[in-house]
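Quick caveat: nothing in here was measured; it's all calculated off a predicted structure.
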Amino acid sequence: MVDYSVHEQVAVFEVNNPPVNAFSHKVRVGLDRSIDKAIRDTNVKAIVICGKGRTFPAGADIREFDQPHKEPWLTGVFEKLEKTTKPVVAAIHGTCLGGGLECALFCHYRIAQKTARVGFPEVQIGILPGAAGTQRLPRLTGLRVAMDMITSGRHILAPEALKYGIIDEMFTGDVINAGIKFAKSVMNKPLEDRCLKNKTVKDADQADQIADEFMSLVKRKYKGFEAPIDCVKAVKASATLPYREGLKAEAMYMQKLVLSGQSAAQRYAFFSERAVSRWKIPGGNFQTAKPLPIKSTAVIGAGTMGTGIAVCLLNAGYQVYLLEQNQKFLENGVKTIRGIIEGSVRLGKTPMAVAQKAATLLKPTMKYEDLADVDLVIEAVYENLSLKREIFSKLDKLCKPTTLLCSNTSSLDINRIGTATKRGDKVAGMHFFAPAYYMRLLENIYSTETSPATVATIMDVGRKIGKVSVLVKSCQGFLANRMRGPLSVEAYFLLEEGSTPQEVDSVLENLGMPMGPLKTGDLSGLDIGYKIQTELAKSKGVELTADSKFLMGERISTLTRTMYDKGRLGRKTGKGWYRYEKPGGKLATPDEEVMELIKDHCMKAGIQRRNISTQEILERLVYSCINEGFKILEEGVAATPEDIDISWIYGFSWPKYLGGPMYYANKIGLDKIYQRICYYHENFPYSSHWIPSRLLQKLSENKVPMNQWCSGTDSKL
Ligand code: 3HC
C-alpha cells in the first residue's frame, strides 16, 4: 500500500492504493511503518511522499466512514511525520484533496506539478477536514482564503496554491525525480520554522469579522446544510485558540458531522453519482461497449433548449452546426449563445480561451445538407411527435450511416421516433434540463432498438460536457418528469381542498427544495399546464369546462384554466399563484385575489374546503412521487434507486443532505410510506398515482434493507 525505496539518501514513500490512493487503514499502517523505517535508517537524510499512478492521495477512504474506527488514525501518523528530524517533502501531482492535503500540510515542504489540484472537498460529503486541516490551512494562507476553500470545497490549481503559499514550488516532469531533487536541496536545513503548528494565523485579529461574513454567506448559499456552518466555526478556532485546543474543537465538530444524517446522505449521493455511470442494457454495458468518436455535432432548433445545448457542446470543444429554418430565429439563437458564453466569461466560469475557441466552432446554418457529415445530431424542436418523426426521417436519409440521431424530447417515446428511420440502433434521447448550460442532469434514453455503442457514446458525451448522465428506458415522461408528475397534480388538489399557495410551497422549501411547485409553475408559465391538459382532453375527444373534475375516470383539477382565463400566467404576466413586482419580476408575494379565485372555483365545482396539516401536504407532495419512483424501478425504467435520486438532485435540486427521494423514503421507513400511500389510495380512489407500487409493497412487507435493493453504493443506508 506504500512502496518504500531509497535514492541518494532520500527515502521515497509512494502511496499505492488505486484508483485515487485514498488513505485507507492499510495505507495508514503502511505509511506509519515507512516513517519508522526512514527514521531508523541513518543513511536516509530526507523523505519524499507522493502517490503512485494518477494522483497524490485524494483523501481519506470515504467507504471506511461507515466502519468501526481503526488505529492508526490520520492525525497520529501525520504528526509522526512532522516530528522527524529529517525534512519531509510532499511531491504532488493529480489531485491532492482532503486527507491528502492534510498530509501535505504536516510535511515540511510542498511542491506540485503545474497541473495538480489541491483542495478540501470534505464539506461536499457533509464533514470538515478533520485531520487538522481546519487548523493548519489558515496558518499558511490566513483565515479568508482558508474559509473560502474549506466552506466551498473548491479545488484550486497549483499556480493559485503557490500564490497563497500552500505550495513552495511548482515543477514539471517526473514526480519522484522532482521530489528527490527538492529534498536534496533542503537536507540539513532547520525544520522548526517549517512546522505549521508553530505558526500563528496572520489575520487572527479579524477573526470575528471574517467568521461573521462567511457565516452569513454559507447560510445563504448552502441553506439547510450543517457542514459549512461547522467549517466556519472550526476554522475560526484556528485564530482564537492555541493549536492543540483548536484541534479539539475541530474533532468535536467532525465527530458531530460524521454521525449526522446529512453526512451519511451526502456520502450516499457521492457514491450514487459514480454508480449511475455503470449502466447496463440488454446486449451490453459500460464495460463491454466502447463510445464512438464524436467530433462534429449539430443541434436542430435555436430556441431556449437548443441554444443551451449548443453552449454545452461548444464549451467542451465540439464543433456545432446550429440549424434553424428561418434567418431571424437563427440570428437570435447565435446572439443568445454568444450572450450566455460572454456572461459566463464575465463571471469567471468560462476561460477566455474556451470562449474564443467556441466562437470558431459554431456553424449557424439553415441547410439540412450541412449536417450530412456530423457525428451526432441533437434535435431540440418543440414537443410534437409527427414533426420529430419527419425531422428524423429526413436526417436518416441525408446523414452518413454512422451519425447518431438524438432527441431532446422530455417525454415522447424514443421507440416511435426511432421507427421513422432505418437506423433505430443509432437513435436515442438526450433530455437536458433547463437552463441546459447550467443544470447538471442529462437523462439519456434508450429504446428497444438503441445499441450499446450508441448508449456508450451519449453517456461519454454527457461526461465530457460536464453533465451527470442517468440512463433511462423509454416510457411516457421518462424518469424525472414522470416521477415528478404527481407532485404538480397534488399541489392543485391541495389548493382546491383548502391549502394556500404559500402553505403548499413552504412545505417543500422547508424540506430544502429551492422552490415549491407553485412558484416553479409561475416560473415556467401556467399556460403550459393548461395547454397540455386541454390537448390531452381533446385527444380523448373530451371538451373540458371550468368545473370538470374527471378526465377518463381520473381526477383532474382545472384550476390552471381558471388562472389562464384571468390572464394569470405566472411571472411573465406579473401574476400567477403569486403577485410579482412587475411582469417578468422575481419577487413572489401572496395575493388575496388568488385565494378569491380559488374559493370561487371550488364553490362552482362543489369542492368542500378544509384545514390541511403540514404533514398531509408533505406526504401528498412527496410520497406520491416516491410511489411513482417505485413503479419506475418495478418497470425497469430506471435500473437503480441511485438513478432516481441523482436525477432529483441534479434535475430538480433535491437537497443532497436528504440523499434523494428514494433514500429519504428508506430513512422514513418503507412500511410507513406504504401505509400512508394505501391510506391516500383509499381516500382518493380516482387518482391512479396513489395505486400502491407492488415493488414498494413487497419491499416493505419483507422489510428488505436498502443495500439489497440498490446497486450497492456501500454507504450506510
Ligand atoms: N474514498 C473512497 N473512494 C474514493 C474516494 C475516496 N476519498 N475518492 C474517489 N473514490 C473512488 C470513487 O468512488 C470511484 O470508485 P468507482 O470507480 O468504484 O466508482 C473511484 O474512486 C474513482 O473516482 P472518480 O470516478 O470520482 O474519479 P475522477 O477521476 O473523476 O475524480 C477525484 C477523482 C477528483 C479524486 C474524485 O474521486 C473525488 O473528488 N474524490 C473525493 C475526494 C474527497 O472527497 N476527499 C476527501 C475525503 S474525506 C477526508 O479526507 C477526511 C479527512 O479530512 C479526515
- prompt: Is there a donor-acceptor contact under 3.5 Å linking the side chains of D645 and S272?
  reply: no

statement: Closest heavy-atom pair, P641 versus L633, reported as atoms and distance to 0.1 Å, is N-CD2, 3.8 Å

task: Quick one: closest heavy-atom pair of A638 and D643, and the distance?
output: CB-CB, 4.2 Å

message: Distance check, rounded to the nearest 0.5 Å: D522 atom CG versus Y578 atom OH?
response: 7.5 Å

- prompt: Testing I598, T560, T558 for side-chain contact (heavy atoms from CB on, under 4.5 Å) with Y492, which one passes?
  reply: T560

statement: Residues V622 and L511: closest non-hydrogen pair is CG2-CD2, 4.3 Å

query: Going through the distances and angles, do D460 and R463 end up as a salt bridge (Lys or Arg N to Asp or Glu O under 4.0 Å)?
result: CA-CA 5 Å; D460 190 52; R463 189 180 57 78; 2.9 Å; yes

query: Hey, does the side chain of T307 reach the backbone of G303 with a donor-acceptor pair shorter than 3.5 angstrom?
result: yes

Nearest atoms (heavy-atom pairs only) where L487 meets S624: N-OG, 4.4 Å

- prompt: Do the ring planes of W648 and W654 sit parallel (below 30°), tilted (30 to 60°) or perpendicular (above 60°)?
  reply: perpendicular

message: Hydrogens and angles aside, do S393 and K397 bring a side-chain donor and acceptor to less than 3.5 Å of each other?
response: yes

T297 side chain to Q319 backbone, donor-acceptor under 3.5 Å: yes

Worked verdict on M483 versus M662 for side-chain contact (heavy atoms from CB on, under 4.5 Å): CA-CA 11 Å; M483 188 168 159; M662 305 305 274; 4.2 Å; yes

message: Does K538 form a salt bridge (Lys or Arg N to Asp or Glu O under 4.0 Å) with E543? I'd like the steps, not just the answer.
response: CA-CA 6 Å; K538 254 196 213 156; E543 191 72 41; over 6 Å; no

query: So do Q533 and I556 actually touch side chain to side chain, heavy atoms under 4.5 Å?
result: yes

task: Please determine if R561 forms a cation-pi arrangement with Y530, meaning its NZ or CZ atom is less than 6.0 Å from the six-membered ring centre and no more than 45° off the ring axis.
output: no

query: Any side-chain heavy atom of V381 sitting closer than 4.5 Å to one from I391?
result: yes

statement: Result for salt bridge (charged side-chain N to carboxylate O under 4.0 Å, His left out) between D375 and one of K295, K400, K426 points to K400

- request: Identify the two heavy atoms, one from E443 and one from L479, that lie closest to each other, and give their separation to 0.1 Å.
  value: OE2-N, 2.8 Å

Residue pair E554, S688: steps toward the side chain to side chain donor-acceptor pair (under 3.5 Å) verdict: CA-CA 7 Å; E554 181 84 6; S688 56; 3.0 Å; yes

message: Whether the S411 and N481 side chains hold a donor-acceptor pair (N or O, under 3.5 Å, no angle test) is what I'd like checked.
response: no

field: E596 with K566: basic N within carboxylate O range, under 4.0 Å
entry: no

Worked check of side-chain contact (heavy atoms from CB on, under 4.5 Å) between L371 and L395: CA-CA 8 Å; L371 275 45; L395 289 169; 3.9 Å; yes

- prompt: Does any non-hydrogen side-chain atom of F652 lie less than 4.5 Å from one of F433?
  reply: yes

message: Please evaluate residues T457 and T454 with respect to the criterion side chain to side chain donor-acceptor pair (under 3.5 Å), reporting the C-alpha separation (whole Å), side-chain torsions for both, the decisive distance (0.1 Å), and the verdict.
response: CA-CA 5 Å; T457 311; T454 301; 5.9 Å; no

- prompt: Side chains of T350 and S344: do they bring a donor and an acceptor to under 3.5 Å?
  reply: yes

message: Under 3.5 Å, is there a donor on one side chain and an acceptor on the other for E628 and H689?
response: no

- prompt: Only one of L621, T520, I617, L518 forms a side-chain contact (heavy atoms from CB on, under 4.5 Å) with L508, so which one is it?
  reply: L621

Polar side-chain atom of E509 near backbone of M515 as donor-acceptor pair, under 3.5 Å: no

R579 vs E593, salt bridge (Lys or Arg N to Asp or Glu O under 4.0 Å): CA-CA, chis, key distance, verdict: CA-CA 9 Å; R579 180 169 288 280; E593 204 180 292; 3.4 Å; yes

task: For the residue pair Y650 and E273, confirm or rule out a side-chain donor-acceptor distance under 3.5 Å.
output: yes

task: Indicate yes or no: does R482 engage E635 in a salt bridge with an N to O separation below 4.0 Å.
output: yes

query: Does R620 make a cation-pi contact with F493 (under 6.0 Å, within 45 degrees of the axis)?
result: no

Side-chain ion pair, K422 and D396, N-O less than 4.0 Å: no

- prompt: Just checking, any donor-acceptor pair under 3.5 angstrom between side chains of N315 and Y437?
  reply: no

- prompt: Is there side-chain contact between L441 and K467, with heavy atoms separated by less than 4.5 Å?
  reply: no

- prompt: Do the side chains of I337 and I341 get nearer than 4.5 Å, heavy atoms only?
  reply: yes

message: Determine whether Y664 and I626 satisfy the following criterion, side-chain contact (heavy atoms from CB on, under 4.5 Å), listing intermediate values before the conclusion.
response: CA-CA 9 Å; Y664 174 77; I626 290 173; 4.2 Å; yes

- prompt: Hey, are K572 and D527 close enough for a salt bridge, meaning a charged N less than 4.0 Å from a carboxylate O?
  reply: yes

field: Intermediate values then yes/no, side chain to side chain donor-acceptor pair (under 3.5 Å), T419 and R389
entry: CA-CA 8 Å; T419 52; R389 280 179 58 85; 2.9 Å; yes

Criterion side-chain contact (heavy atoms from CB on, under 4.5 Å) on T365 and Y321, from CA distance to verdict: CA-CA 7 Å; T365 180; Y321 284 89; 4.2 Å; yes

statement: Rounded to the nearest 0.5 Å, the CD1 atom of I414 sits from the NZ atom of K388 at a distance of 8.5 Å

- prompt: Is there a side-chain contact between W577 and K519, using heavy atoms and a 4.5 Å cut-off?
  reply: no

- prompt: Would a 4.5 Å heavy-atom cut-off, applied to side chains only, mark R571 and K582 as touching?
  reply: no

message: Could you walk me through whether R568 and D591 satisfy the salt bridge (Lys or Arg N to Asp or Glu O under 4.0 Å) test, starting with their C-alpha distance in whole Å, then the side-chain angles of each, then the deciding distance to 0.1 Å, before giving a yes or no?
response: CA-CA 11 Å; R568 300 194 72 107; D591 190 352; 2.7 Å; yes

message: With a 3.5 Å distance limit and no angle check, can you tell me whether E581 reaches the backbone of K586 through a side-chain donor-acceptor pair?
response: yes

message: Would the distance check show the side chain of T403 and the main-chain N or O of C399 forming a donor-acceptor pair, the cut-off being under 3.5 Å?
response: no

E383 versus S410, side-chain donor and acceptor atoms under 3.5 Å: yes

message: Would K280 pass as a cation-pi partner of F286, given that its NZ or CZ must be under 6.0 Å from the six-membered ring centre and within 45 degrees of the axis?
response: no

- prompt: Do T450 and S447 get their side chains close enough for a donor-acceptor pair, meaning under 3.5 Å?
  reply: yes

- prompt: Taking side chain as C-beta onward, heavy atoms only, is L361 less than 4.5 Å from Y318?
  reply: no

- line: Correct closest heavy-atom pair for A453 and A289 would be N-CB, 4.2 Å

